[in-house]
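One structure is given below, encoded as structure tokens.
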Amino acid sequence: MHTDVNALFAALWQDYIEMTPSAARVHALLGKGQAIINDHIALRTFNIAKVNLSVLAAHFEALGYQACGDYVFEAKKLKAKHFEHPDPTQPKVFISELLVEEFSPELQATIQGLIAQVDEAATRAENFLYSGRHWELDYGTYQSLLAESEYAAWVAAFGYRANHFTVSINHLPGFSSILEVNDTLKQGDFVLNSVGGEVKGSAEVLLEQSSTMADKIPVAFKDASVEIPSCFYEFALRYPKANGELYTGFVAASADKIFESTNVN
């Protein structure tokens with residue numbers, strides 16, 4: 001496991017921009033040459049003991065992160081937790097896991113077969129959170145997973161890596177609202193996730209979020225190379241609570257719509 005939180009995020013970022021070619025363009029458009037502060041990153045997994053949420057979380061907990069919130073997504077059959085570092089300038093971490101047992105016997109058998117190929121020692125290795133796929137996968141299996149769960153198909157295709165990074169609009173010079181950010185992105189020819197509206201959440205729930213739709217990149221399956229949706233970029237604006245401190249949690253109803261950013265479109 002990593003001993004340096006900055007080194008871990010640098011490695012996650014490097015892997016993410018290889019999966020998300022548009023991320024560099026977003027950076028240039030919004031950052032205008034200045035550093036961009038990350039609000040949070042998100043990771044996906046299955047609730048199978050070898051690779052479940054707590055296995056991923058251990059990598060962050062070893063660096064001082066603590067669990068701060070629990071979330072349930074009934075329609076997508078997911079559970080999630082978010083983690084925060086004592087240093088508030090470090091990104092928050094949102095980890096979700098698919099409740100595999102709630103799906104068809106076929107999907108369960110497929111996922112169990114993939115995870116059986118994972119070397120348990122690999123899950124504790126320093127690079128696990130950006131190590132990608134640990135199993136063989138043919139395109140037909142991907143398609144059958146996709147028919148039942150976009151989330152399952154995404155994890156099967158991409159394995160372990162950041163599903164998205166998130167720009168903190170609160171720390172973004174030159175922008176005071178999420179609408180300004182969205183307009184700038186659209187003028188730059190980015191397609192935004194419009195499920196439930198381009199802005200998810202509101203000042204009332206203390207968090208507004210938007211996101212691009214995932215890039216499409218060629219992925220090597222066992223029998224073919226096919227372009228499929230990879231990762232996306234998210235944008236978050238947080239509002240102060242009654243005590244004046246910025247809200248640091250997540251809004252399940254909004255996160256549910258953000259998951260749609262990797263849908264095949």
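Numbering of residues begins at 1 and proceeds along the displayed sequence.
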Taking atom [atom1] of [X] and atom [atom2] of [Y], what is their separation to the nearest 0.5 Å?
X    : Y    : atom1 : atom2 : value
F190 : N182 : CZ    : CG    : 12.5 Å
I115 : T110 : CD1   : OG1   : 11.5 Å
N47  : L53  : CG    : CG    : 9.5 Å
Y151 : N163 : OH    : CG    : 8.0 Å
I217 : C231 : CD1   : SG    : 7.0 Å
Q66  : K81  : CD    : NZ    : 12.5 Å

Indicate yes or no: at least one non-hydrogen side-chain atom of [X] is less than 4.5 angstrom from one of [Y].
X    : Y    : result
L98  : S149 : yes
L99  : E101 : yes
Q209 : V199 : no
Y71  : L78  : no
F46  : V155 : yes
L237 : L207 : no
T184 : L29  : yes
N170 : R238 : yes

Does the side chain of [X] pick up a donor-acceptor pair with the side chain of [Y] at under 3.5 Å?
X    : Y    : value
E84  : T248 : yes
Y160 : T123 : no
E148 : S104 : yes
Q14  : Y130 : no
N193 : S261 : yes
S176 : E180 : yes
S230 : D215 : no

Checklist entry - Which residue pairs satisfy the salt bridge (Lys or Arg N to Asp or Glu O under 4.0 Å) criterion with at least one member in residues 113-139, sequence neighbours excluded? => result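 Only E136-K222 qualify under salt bridge (Lys or Arg N to Asp or Glu O under 4.0 Å).
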
Checklist entry - Does the pair W154 and L145 meet the rule for a side-chain contact (heavy atoms from CB on, under 4.5 Å), with working shown? => result CA-CA 9 Å; W154 190 93; L145 290 171; over 6 Å; no

Checklist entry - Does atom CD of E74 have more than 12 heavy-atom neighbours from other groups under 6.0 Å away? => result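 No, CD of E74 has 12 or fewer neighbouring heavy atoms, counting only those of other groups under 6.0 Å.
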
Next on the checklist: Could you check whether atom CD of Q117 has more than 12 heavy atoms from other residues, nucleotides or ligands sitting under 6.0 Å from it?
Outcome noted: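 Counting neighbours around CD of Q117, more than 12 heavy atoms of other residues, nucleotides or ligands fall under 6.0 Å, so yes.
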
Checklist entry - Would you say L137 and V51 are hydrophobically clustered, going by side-chain heavy atoms of ILVMFWY under 4.5 Å? => result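 Yes, L137 connects to V51 through the hydrophobic network.
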
Item to check | Common cluster, M1/F83, ILVMFWY with side-chain heavy-atom separation under 4.5 Å | outcome: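 Not linked; separate clusters.
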
Next on the checklist: Just to verify, what does E245 make a side-chain contact (heavy atoms from CB on, under 4.5 Å) with, not counting sequence neighbours?
Outcome noted: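 K241, N243.
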
Checklist entry - Residues in side-chain contact (heavy atoms from CB on, under 4.5 Å) with Q34, at least two apart? => result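 Counting only residues at least two positions away or on another chain, Q34 forms a side-chain contact (heavy atoms from CB on, under 4.5 Å) with P173.
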
Checklist entry - Is the shortest distance from a Lys or Arg side-chain nitrogen in R44 or E150 to a carboxylate oxygen in the other one below 4.0 Å? => result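 Yes.
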
Item to check | Full working for ring pair (Phe, Tyr, Trp, His ring centres under 6.0 Å) between F250 and H40 | outcome: CA-CA 10 Å; F250 292 84; H40 70 273; 4.8 Å; yes

Checklist entry - Between N38, D39, I17, which is the residue that forms a side chain to side chain contact (heavy atoms under 4.5 Å, CB included) with F165? => result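 The residue from N38, D39, I17 that satisfies side chain to side chain contact (heavy atoms under 4.5 Å, CB included) with F165 turns out to be N38.
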
Item to check | L172 vs I36, side-chain contact (heavy atoms from CB on, under 4.5 Å): CA-CA, chis, key distance, verdict | outcome: CA-CA 7 Å; L172 194 59; I36 283 182; 4.1 Å; yes

Could you pull out every donor-acceptor pair under 3.5 Å between side chains of residues 251-259 and any protein atom, sequence neighbours left out?
from: S254; atom 1: OG; to: G201; atom 2: N; distance (Å): 3.3
from: D256; atom 1: OD1; to: K76; atom 2: NZ; distance (Å): 3.2
from: D256; atom 1: OD2; to: K76; atom 2: NZ; distance (Å): 3.4

Next on the checklist: Please verify the inter-ring angle class for F94 with F73; under 30° counts as parallel, over 60° as perpendicular, anything in between as tilted.
Outcome noted: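 Perpendicular, since the angle between the ring planes exceeds 60°.
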
Next on the checklist: With side-chain contact (heavy atoms from CB on, under 4.5 Å) as the criterion, how do I95 and E97 come out once you've worked through the C-alpha distance, each side chain's angles and the decisive distance to 0.1 Å?
Outcome noted: CA-CA 7 Å; I95 306 176; E97 61 181 0; over 6 Å; no

Checklist entry - Are the aromatic ring centres of Y233 and Y16 under 6.0 angstrom apart? => result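 Yes - the distance between ring centres of Y233 and Y16 falls below the 6.0 Å cut-off.
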
Next on the checklist: Are Y142 and F221, when compared by the centres of their aromatic rings, separated by less than 6.0 Å?
Outcome noted: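 Ring-ring flag for Y142/F221: true, centres closer than 6.0 Å.
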
Checklist entry - Which heavy atom of H134 sits nearest a heavy atom of A122, and at what distance? => result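 Taking H134 first and A122 second, the nearest heavy atoms are CE1-CB, 3.8 Å.
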
Item to check | Least distance between heavy atoms, A152 atom then L107 atom | outcome: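 A152 and L107 have their closest heavy atoms at CB-CD1, 4.1 Å.
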
Item to check | Pair F235-H164, ring pair (Phe, Tyr, Trp, His ring centres under 6.0 Å): steps then yes or no | outcome: CA-CA 10 Å; F235 314 92; H164 62 270; over 10 Å; no

Report all side-chain donor-acceptor pairs from residues 3-13 shorter than 3.5 Å, counting only partners two or more places apart or in another chain.
from: D4; atom 1: OD1; to: N6; atom 2: N; distance (Å): 2.8
from: D4; atom 1: OD1; to: A7; atom 2: N; distance (Å): 2.7
from: N6; atom 1: OD1; to: Q90; atom 2: NE2; distance (Å): 3.2

Next on the checklist: Evaluate M213 against L192 for side-chain contact (heavy atoms from CB on, under 4.5 Å), listing each step before the verdict.
Outcome noted: CA-CA 5 Å; M213 291 302 287; L192 298 184; over 6 Å; no

Checklist entry - What residues form a salt bridge (Lys or Arg N to Asp or Glu O under 4.0 Å) with E198, not counting sequence neighbours? => result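 Residues passing salt bridge (Lys or Arg N to Asp or Glu O under 4.0 Å) with E198: K186.
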
